[in-house]
Structures are given as structure tokens and as C-alpha cells.
Amino acid sequence: MAYSAPRGTKDILPQEVALWQKLEETCRKVFSFYNYQEIRTPIFESTELFARSIGKTTDIVNKEMYEFKDRKGRSLTLRPEETAPVVRACLENNLIGTDKTTKVYYIGPMFRYERPQAGRQRQFHQAGVEVFGSADPMIDAEVIMMNVRLFEELGLKDLGVNINSVGCAKCRPDYLKKLKSFFKDNIKNMCEDCQNRFITNPLRILDCKQSKCQIYLDDAPHSVESLCQECGGSFDQVLDLLGDSGLKYNVNKRLVRGLDYYTKTTFEITSNQLGAQNAVSGGGRYDKLVEELGGKAIPAVGFAIGLERIIELINNQQLTINNDGAVKLYIAALGNEARKVGFDLINQARAGGISADMDYLGKSLKAQMKTADRVGAKYVYIIGEAELAKKSAVLKEMKTGEQIELEFSALLEKLKSETA
RNA sequence: GCGGCCUUGGUGUAGUGGCAACACAACAGAUUGUGAUUCUGUCGUUGCGGGUUCAAUUCCCGCAGGCCGCCCCA
């Protein structure tokens with residue numbers, strides 16, 4: 001093979017595209033039910049935007065970014081996620097303010113330089129939403145409920161909704177202090193990563209899966225226990241609202257997300273059918289980010305869905321979507337003259353709103369019939385030498401095998417009169 | 001960035017230190033202008049590079065890619 005797709009990237013072939021379109025369509029439909037509007041931002045942004053927002057000590061920024069210099073030496077990065085670009089775009093175009101809520105959604109490719117494995121690629125796709133302007137716990141609840149609604153709409157089963165609160169600028173420092181003093185004595189017995197985390201990002205220690213670290217984690221203080229009054233109150237409200245709506249969730253006190261901008265509510269929806277990479281969506285509140293990126297102090301919530309993982313689930317669960325891409329009319333023509341007539345007829349059909357195709361390889365009639373069958377054509381119109389003279393030919397309905405003689409001029413009317 | 005397993009025609013799989021097998025798909029044909037079936041035929045420099053050997057697809061090394069796990073995330 002001369003060339004292959006770059007590592008960690010995949011072609012989405014015509015056969016699978018129908019499923020992708022269906023998925024994207026469902027996202028759009030559900031998001032707009034909740035009054036969200038689509039926004040499209042560039043695939044790359046200045047590197048600094050991501051470093052500032054996601055956090056300089058995070059894995060994403062440290063080792064996963066597709067960073068490059070353009071011809072003027074500017075450092076740019078293929079977006080590893082889209083929250084920061086959306087914030088940037090909304091600020092730049094004045095879409096958000098303290099006096100209104102702005103609801104947007106996006107669908108598109110993201111890029112992270114990681115080792116590919118099941119459910120993880122270097123180019124992958126996310127659909128996500130962001131709400132700006134409200135600190136009301138109702139918005140947290142709305143966003144989570146909408147996410148769940150979307151998955152229900154897609155027919156996904158056995159998903160778990162995990163929720164936590166990581167506090168705010170007021171209470172988080174206290175919590176980090178508690179964490180540090182809790183680990184202080186034992187940190188030297190813990191893994192190397194955790195020793196680094198102890199300095200750079202103690203929160204992340206909670207997420208460690210190493211068995212030698214696990215023993216110290218059990219009694220570690222949880223962020224929910226150190227929340228200030230405001231954060232604690234809003235967390236309770238979010239849970240109440242979800243409970244009232246009948247949504248089943250699990251408070252996961254260990255849920256730590258890998259992006260630094262989260263405050264208060266964080267959540268993650270997981271599937272037990274995916275292996276190691278089991279998160280299908282994740283998000284939370286980020287009340288400081290807009291300000292951090294140069295705007296006013298505007299609170300925000302959002303989440304992102306991993307579309308490849310959803311596709312994987314749909315395939316696993318053998319949920320089907322119907323494909324009606326087949327053409328209605330296929331013309332089998334024999335000889336140059338007949339092919340010309342056929343070409344004219346399919347173009348008339350198309351102009352008249354009837355999907356049509358014909359053979360362009362000069363194959364035998366048998367082969368043309370075969371092709372018509374395989375592309376799922378509903379009718380085949382067979383034009384040969386004899387038909388040219390009488391300006392009339394046989395129209396065959398593939399499913400029934402029924403054949404009727406029809407004049408060229410009557411073909412379109414006959415097909416149009418068919419119910420779609 | 002680390003570890004394990006894997007890499008044979010379009011796809012899925014055999015197999016052996018010296019003719020690479022099978023199924024499906026695709027294409028062509030089975031007398032003259034008709035699709036699913038049947039029969040026949042066609043389709044591979046065995047991932048790339050190097051080494052051992054008279055000889056390697058089979059043994060060894062390197063690389064790339066895939067899968068899976070760690071890390072992290074969607």
C-alpha cells in the first residue's frame with residue numbers, strides 16, 4: 001500500500017456514513033428542542049488559548065496537542081476540545097453577556113496525540129453544548145437531562161450517570177490543602193505519577209488506579225465534603241432537580257476530570273460495554289473560564305459526547321437505522337445510440353425529482369441487471385436497438401419481476417405517479 | 001511515554017524452511033438482449049527494511065501499522 005491513513009485516524013466509508021448522519025441529525029434535533037443553536041469554529045486556534053483554558057499541567061496540554069508553527073512563526077494547535085474555542089468565538093463576536101443566557105452546540109473533529117486503542121483515536125469527533133450566563137443549578141440539571149435524553153433517543157442502554165462537585169475558587173484551595181496534608185506522610189510510598197501530581201495537581205491523585213496507591217485513597221477526603229456553602233447548596237439542588245425528574249444518577253466522589261477549568265458540577269456518562277475507554281460523554285460547570293479568557297465573570301456549563309464511542313455502542317447493540325439511498329430508476333442500455341437516449345432519460349428523471357443512474361462501462365445486459373440489483377434500483381428500463389426505432393421499451397420492476405412496455409415519453413409520468 | 005498480542009488476495013481465515021490452501025465478495029463466461037440460485041474461470045512480489053540459510057511467507061533483529069492494557073480522556 002503506497003499510502004495509508006495517518007496513525008489514529010480513520011476513513012468513514014460510504015457504508016457507515018448513513019449511521020453518522022443519523023447520529024448527527026439526532027444530536028441536532030435534540031439540541032434544538034432545548035433551544036441550542038449550532039456554532040462552527042476553526043479546526044485550529046492559537047496554542048495559548050488551549051494552554052490557558054485547559055491548564056498547563058494537564059496531559060492534554062503537556063503531551064497530546066497537535067501543535068505547529070505557521071509560516072509567520074505563530075504557534076497554532078489543532079483543537080483537542082471545543083469548549084475553549086467556543087468561549088473565544090462567543091467573546092470575540094459578543095454573543096455572551098451577564099444579562100442573557102447563550103446556548104450553543106457544535107459537532108466536529110478534535111485532535112489529540114495519544115496512543116490509539118479501542119475507543120480512542122487521534123482524530124475523533126465530538127458533539128457538545130455550552131450554556132453561558134447562568135449560575136442556576138437548573139441549567140446544570142437541564143444539560144445533564146438533555147444529554148441523557150439524547151442517548152435515550154438513540155436507543156442506548158445500560159449507561160451510568162456519574163456526578164460530582166469539585167468546588168469553586170473559594171473552597172477548592174482549602175480542599176487541596178486538606179488533600180495534601182492527608183497524603184503528606186505517605187506520598188513517598190506512592191507511585192511516581194502521584195508524586196508529581198502531589199505537586200502539580202493533587203486532585204488527580206484520586207483518579208490513580210495503581211494498587212499501591214489505592215490503599216491510601218480509600219480514606220482520602222472528598223471534594224464534596226469541603227464545599228463552601230454556595231457550592232454545597234447548588235450541588236444539592238442539582239441532585240434534587242435530577243431526582244425529581246426521575247433521572248437515575250450516581251454520586252461519584254472520586255470523579256475528577258482532566259481539564260482544569262471545571263468548577264462545581266462535573267459529570268460523566270459511562271457505558272459498561274466499551275472496555276477501558278468507557279466514558280461516552282463528560283462535562284460540567286466552568287464559572288471562571290470566560291473571565292480567564294478575557295471576558296466578564298460569566299458562568300457557564302457544558303458537555304461533550306464522544307461520537308466514535310456512541311457509534312461503537314450502536315453497533316454493539318445492533319440498533320439499526322434504515323438506509324434509503326437506493327435509486328428508483330436504473331437504465332440498462334445496449335449500444336451507443338441507446339446509451340445516449342438513456343443518458344437523456346436519467347437526466348430528465350433527475351430533473352423531475354426521481355433518483356436515477358445508469359451503466360457507464362458498456363457492460364453486457366446481464367451485468368447491467370446485476371448492477372441494478374445490487375444498487376437496489378426499484379425499476380430498470382431496458383433500451384436496445386429495437387427499442388430505439390419504436391421509441392418504447394420494457395420497464396421492469398425488480399422486486400416483482402413484472403415487466404411492462406412503455407414509450408420513452410411515458411416513462412417519467414409512470415415513475416412520478418408511483419408513491420414514493 | 002510504557003507493556004502484551006498480532007500483521008497472508010477486497011474481506012475473513014488456513015498452512016509449511018523449498019508448488020501458499022479455503023470461504024465469501026468482486027469481475028468474466030456457461031451459444032443468440034434480463035438481476036437472487038448452480039457450474040467454470042480470473043484476482044496475492046504472504047506489512048516494510050535488514051539478517052541467518054543453497055532456499056524464508058514460515059527462524060532472528062529493526063521499523064511501521066493494528067488490537068488490547070497502563071496513563072489520560074470523549
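Throughout, protein chains are lettered first and strands after them, A, B, ... in sequence-line order, and every chain is numbered starting at 1.
Distance check, rounded to the nearest 0.5 Å: CZ of A:Arg149 to CG of A:Leu154 gives 11.0 Å. Expressed to the nearest 0.5 Å, how far CZ of A:Phe132 lies from CD of A:Glu130 amounts to 5.0 Å. We find the CD1-CD distance between A:Ile43 and A:Gln123 to be 7.5 Å, quoted to the nearest 0.5 Å. Atom CZ of A:Arg285 is separated from atom OG of A:Ser165 by 10.5 Å, given to the nearest 0.5 angstrom.
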For this session: Take A:Val301 and A:Thr265, measure what side-chain contact (heavy atoms from CB on, under 4.5 Å) needs, and give me the verdict at the end.
Result: CA-CA 9 Å; A:Val301 210; A:Thr265 310; 5.8 Å; no
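Between A:Gln117 and B:rC67 there is no side-chain N or O to OP1 or OP2 distance below 4.0 Å.
Between A:Ile107 atom CD1 and B:rA74 atom P the separation is 17 Å, expressed in whole Å. Spacing between atom CE of A:Met65 and atom C1' of B:rC72 amounts to 15 Å, rounded to whole angstrom units. When the C1' atom of B:rC72 is taken as reference, atom CG of A:Asp260 falls 13 Å away, rounded to whole Å. Rounded to an integer number of Å, the gap from A:Glu268 CD to B:rC72 C1' is 11 Å. The CZ atom of A:Arg112 sits 17 Å away from the P atom of B:rC71 (whole-angstrom rounding). Between the CZ atom of A:Phe151 and the P atom of B:rA74 there is a distance of 12 Å, given to the nearest Å. If you take NZ of A:Lys63 and C1' of B:rC72, they are 7 Å apart, rounded to a whole angstrom. Residue A:Arg309 contributes atom CZ, which lies 8 Å from atom P of B:rA74 at whole-angstrom precision.
Comparing B:rA25 with B:rG9, their C1' atoms are spaced 12 Å from each other, to the whole Å. Atom name P, nucleotides B:rG15 and B:rC22: the rounded distance is 15 Å, in whole Å. When the P atom is compared between B:rC43 and B:rU7, the two are found 26 Å apart, to the nearest whole Å. Remark: the separation of the P atoms in B:rA64 and B:rU53 is 28 Å, to the nearest Å. Separation of the P atoms belonging to B:rG49 and B:rA30 is 42 Å when rounded to the nearest angstrom. Between B:rC48 and B:rU42, the distance separating the two C1' atoms is 28 Å to the nearest Å. Of the C1' atoms belonging to B:rU46 and B:rC19, the separation is 15 Å, rounded to the nearest Å. Distance noted for atom C1' between B:rC2 and B:rC71: 9 Å (whole Å).
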Collect all protein-nucleotide pairs involving nucleotides 3-13 of chain B in which both atoms are nitrogen or oxygen and the distance is under 3.5 Å.
unit_1 : atom_1 : unit_2   : atom_2 : d
B:rG3  : O6     : A:Arg115 : NH2    : 3.4

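Screening residues 353-379 of chain A for ring-ring contact (aromatic ring centres under 6.0 Å, His included), with sequence neighbours left out, gives no hits.
For A:Glu225, the salt bridge (Lys or Arg N to Asp or Glu O under 4.0 Å) criterion is met by A:Lys253, not counting sequence neighbours. Applying the side chain to side chain contact (heavy atoms under 4.5 Å, CB included) test to A:Thr57 and every residue at least two apart in sequence or in another chain returns A:Thr200, A:Asn201, A:Asp260. With sequence neighbours excluded, no residue satisfies ring-ring contact (aromatic ring centres under 6.0 Å, His included) with A:Tyr330. In this view, A:Tyr113 and A:Tyr66 satisfy the ring-ring contact (aromatic ring centres under 6.0 Å, His included) rule, not counting sequence neighbours. The ring-ring contact (aromatic ring centres under 6.0 Å, His included) check on A:His125 picks up A:Trp20, with sequence neighbours excluded.
Scanning all heavy atoms of the two residues, the minimum distance from A:Ile331 to A:Gly342 falls at CD1-O, 3.7 Å. Contact detail for A:Cys231 and A:Cys168: the closest heavy-atom pair is SG-SG, 3.4 Å.
Mapping A:Tyr113 and A:Gly119 onto RNA chain B via the closest heavy atom, the residue that lands nearer the 5' end is A:Tyr113.
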Listing, residues 25-33 of chain A side-chain donor-acceptor contacts under 3.5 Å, not counting sequence neighbours, or none:
unit_1  : atom_1 : unit_2   : atom_2 : d
A:Thr26 : OG1    : A:Lys22  : O      : 2.8
A:Arg28 : NE     : A:Glu38  : OE1    : 3.0
A:Arg28 : NH2    : A:Glu38  : OE1    : 3.3
A:Arg28 : NH2    : A:Glu38  : OE2    : 3.2
A:Lys29 : NZ     : A:Glu153 : OE2    : 2.9
A:Ser32 : OG     : A:Arg28  : O      : 2.8
A:Ser32 : OG     : A:Lys29  : O      : 3.1

If you look only at distance, which donor and acceptor atoms sit under 3.5 Å apart when one is on a side chain in residues 391-401 of chain A and the other is two or more places apart or in another chain?
unit_1   : atom_1 : unit_2   : atom_2 : d
A:Ser392 : OG     : A:Glu405 : OE2    : 2.5
A:Thr400 : OG1    : A:Glu402 : N      : 3.2

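A:Glu64 comes within 4.0 angstrom of sugar-phosphate atoms only, judged by non-hydrogen atoms across all strands, and of no base. Nucleic acid contact for A:Glu114: base, since at least one base atom lies under 4.0 Å from a heavy atom of the residue. At a threshold of 4.0 angstrom between heavy atoms, the contacts of A:Ala372 with the nucleic acid are absent.
Contacts between residues 5-12 of chain A and RNA chain B, defined by a heavy-atom separation under 4.0 Å, are made by A:Arg7, A:Gly8, A:Lys10.
Out of B:rA74, B:rA28, B:rG66, the shortest distance to the side chain of A:Gln126 is found at B:rA74.
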Seminar exercise, completed: Protein-proximity profile, nucleotides 33-39 of chain B, B/S/- by nucleotide at the 4.0 Å heavy-atom cutoff, equals BBBS---
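The six-membered or imidazole ring of A:Tyr286 lies near that of A:Tyr261, with a centre-to-centre distance under 6.0 Å.
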Problem set entry | Intra- and interstrand pairs of RNA chain B - dot-bracket, Watson-Crick/G-U under 3.5 Å, | marks other strand | (((((((..((((.......)))).(((((.......)))))....(((((.......))))))))))))....
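Residue A:Arg120 places no side-chain atom within donor-acceptor reach of the base of B:rC67, judged by atom type and a 3.5 Å distance cut-off alone.
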